[in-house]
Amino acid sequence: MMSFTPLYETAEHAQLRAQVRRFASAEIAPHATAWEEANEFPRELYAKAAAGGMAGIGYPEEIGGAGGDLSFVIAAGEELVLAGRSVGVAAGLGSHRIALPPIITFGTPEQKRRFLPPVLSGDKIAALAITEPGGGSDVASLQTRAVRDGDVFVVNGSKTFITSGCRADFVTTAVRTGGPGRGGVSLLIIERGTPGFTVSKKLAKMGWWASDTAELAFEDCRVPAANLIGEENSGFVPIMVNFAVERLLLAGNCVAIAELAYRESVTYAQERRAFGKPIMGFQVLRHKLADMVTRLAAARALTSEVVQRVVRGEQVPGLAAMAKNTATDMCSFVCDQAVQIHGGNGYMREYLVERLYRDARLYPIGGGTREIMNEIISKTEGY
Amino acid sequence: MKILVPLKRVADPDNANKVKIPAAGDKIETTGLEWKPNPFDEYALEAALRLTENGQTPKVRAGEVVVVTFGPKETEQTLRAALATGADRAIRIDTTDDKLDGDLVARALAALIEKEKPDVVVMGKQAVDGDSNQVGQILAELLDWPMATFAATIKEEAGALVVSREVDGGVATMRVKLPAIVTVDLRIVAPTSVYSTKTAATFKYNDGVRFAALPAIMAAKKKLLVEIKLADLAADQALKVEYKAFQAPPARKAGIKVKDVTELVTRLKNEAKVL
């Protein structure tokens with residue numbers, strides 16, 4: 001089995017991959033099924049991951065991070081899934097990847113000092129809240145209101161599908177501080193324990209079982225104005241910038257999940273026998289695997305290409321959207337075929353591909369739907 | 001304290017099925033193998049790092065840890081990984097595995113030690129590929145240094161190390177004066193196995209070998225790594241051990257189920273003939 005890493009990866013990427021592999025094989029893989037079935041993983045894993053050097057990757061060293069650009073984040077994320085064998089755990093551990101960037105880019109020195117180090121040391125959990133029960137894709141129309149009252153914002157509304165929301169110590173939250181449309185949106189850091197902030201529901205999901213997903217409620221929740229990220233009513237751009245990177249992380253996730261499903265399928269096809277020989281002996285099955293790995297290679301190549309452009313400082317929302325759609329389509333296809341190759345066993349919970357199939361279904365929806373990606377592509381193409 | 005840690009890369013034991021022997025049976029095919037540091041050598045490096053630090057402040061090295069390996073250019077990856085984990089500098093002795101045996105490695109290391117003058121050599125008790133378990137012992141003989149093999153714990157004292165070894169029926173504790181050779185066993189990476197004079201007796205390490213964080217991986221690129229020719233350390237490169245043939249272990253046959261102990265005993269006696 002050929003397994004290739006992006007051409008731009010260096011010996012240091014390889015070393016980081018080896019570290020993450022060792023961490024994930026020892027600390028996640030042995031518990032992956034149990035944690036997925038329990039719909040939760042132990043909170044201590046955040047601190048373990050931080051001590052193992054996993055959490056700080058991609059964050060500047062001056063804020064307590066480990067340095068390294070997006071290519072290191074993607075490489076580490078891939079190994080976390082491949083060796084850890086739990087997409088849900090990887091998703092839960094990684095919720096800070098979308099919650100912190102707005103604070104890093106637009107936050108005050110005081111906000112950075114207060115909120116970043118405890119997350120990077122694994123002591124606190126951070127989440128990002130954009131989507132609302134009334135709407136997700138249409139960010140500019142979000143309803144959660146924050147009304148200024150002296151030195152606090154009074155927040156009313158609710159958020160849903162919030163990864164790590166049940167346990168988050170703070171939530172980077174999109175709120176409406178101004179008039180309708182994108183010009184009235186701000187980002188507020190809302191801390192756990194703020195009166196009026198409650199986790200209204202832990203949501204039961206199709207996949208990503210090990211990661212908790214919450215619905216959050218804000219009722220006259222008084223948030224210090226000092227927790228406003230950037231200028232009032234200027235939250236829309238940070239949200240959109242954040243999305244471009246999130247889409248590449250999700251594309252990277254898809255590549256990893258598909259690689260795992262493909263490897264499981266190859267092993268299974270070599271071991272499973274039918275009509276007197278291993279099923280790998282049938283051309284129809286070999287060609288199925290060949291199609292899977294071909295599409296995997298294509299998605300990996302496009303994702304790597306776009307990651308490299310982001311590392312070089314290019315703004316590529318259209319390409320990031322293309323990479324996400326390519327990777328999510330590929331992942332759905334590969335996981336579906338993986339289940340097919342496993343036959344009846346593929347439909348059983350004790351086989352990994354059954355779980356990966358469910359996990360894969362998230363990706364054309366989360367972080368911007370497949371349809372919204374196409375809208376972004378249409379816009380950047382100038383139709 | 002200055003510590004020399006010899007490292008060897010071995011074929012990844014988790015992918016043992018990739019090890020192929022050509023029909024001629026004269027060698028092991030190494031192309032396409034994935035390499036990993038020998039686990040016991042990783043434990044030796046961890047022990048050496050613990051001996052040269054205060055456990056509370058592992059980024060500050062009290063002393064020097066020098067890693068050395070024998071092999072072609074690619075084996076520098078093993079050395080870079082060790083540098084990222086905390087070793088100070090590295091030496092690669094240029095050669096290939098098929099031109100070495102335990103005796104030659106020990107003789108070359110002895111010559112290197114004459115130059116480097118470490119206080120201690122900490123090394124794995126054996127490599128998990130050849131399982132020879134020779135180099136540490138031959139080296140101690142060549143240097144006429146005290147040795148403590150299969151160390152399960154090491155405690156630093158002024159000018160000496162107190163080493164406990166797991167032996168049949170218990171634990172033997174010995175005190176070796178420096179300079180000395182210590183070969184380590186797997187329990188050396190337990191939380192309370194190794195204490196330098198700087199580390200508080202109440203301190204507990206994380207179990208196992210430490211992780212290298214990304215900044216350390218990047219910094220390792222800039223650490224000193226020198227290449228030495230094997231001929232500069234050992235003029236006589238004749239091998240004492242010659243491998244005559246290699247053979248893969250026979251494929252395991254499927255097992256059978258027995259219905260009770262009586263049948264088990266009967267079969268062990270009549271078929272397996274082990275009773």
Is it the backbone or the side chain of Phe72(A) that comes under 4.5 Å from a heavy atom of chain B, or both, or neither? side chain

Quick one: side chains of residues 211-224 of chain B, donor-acceptor pairs under 3.5 Å with protein atoms, not counting sequence neighbours, listed by atom name and distance.
| residue | atom | partner | partner atom | Å |
| --- | --- | --- | --- | --- |
| Lys223(B) | NZ | Leu83(B) | O | 3.0 |
| Lys223(B) | NZ | Ala87(B) | O | 2.8 |

Is it the case that over 12 heavy atoms from other parts of the model lie below 6.0 angstrom from the CG atom of Asp232(B)? yes

Roughly how far apart are Lys36(B) NZ and Arg21(A) CZ, rounded to 0.5 Å? 8.0 Å

Taking 4.5 Å as the heavy-atom cut-off, does anything in residues 268-282 of chain A contact chain B, and if so which residues? none

Around Lys2(B), counting heavy atoms of other residues, nucleotides and ligands shown, do more than 12 lie under 6.0 Å from its NZ? yes

Can a donor-acceptor pair be found, under 3.5 Å and without considering hydrogens, that links the side chain of Arg22(A) to the backbone of Val209(B)? yes

Arg187(B) CZ: over 12 foreign heavy atoms closer than 6.0 Å: no

Suppose a student defines contact as a heavy atom less than 4.5 Å from any heavy atom of chain B. Which residues in residues 57-68 of chain A would they list? Ile57(A), Glu61(A), Ala66(A), Gly67(A), Gly68(A)

Is the count of non-hydrogen atoms from other residues, nucleotides or ligands lying under 6.0 Å from Leu7(A) atom CG greater than 12? no

Near Lys112(A) NZ, under 6.0 Å, is it more than 12 heavy atoms from other residues, nucleotides or ligands? yes

Using a 4.5 Å heavy-atom cutoff, which residues in residues 70-82 of chain B come close to chain A? Gln77(B), Arg80(B), Ala81(B)

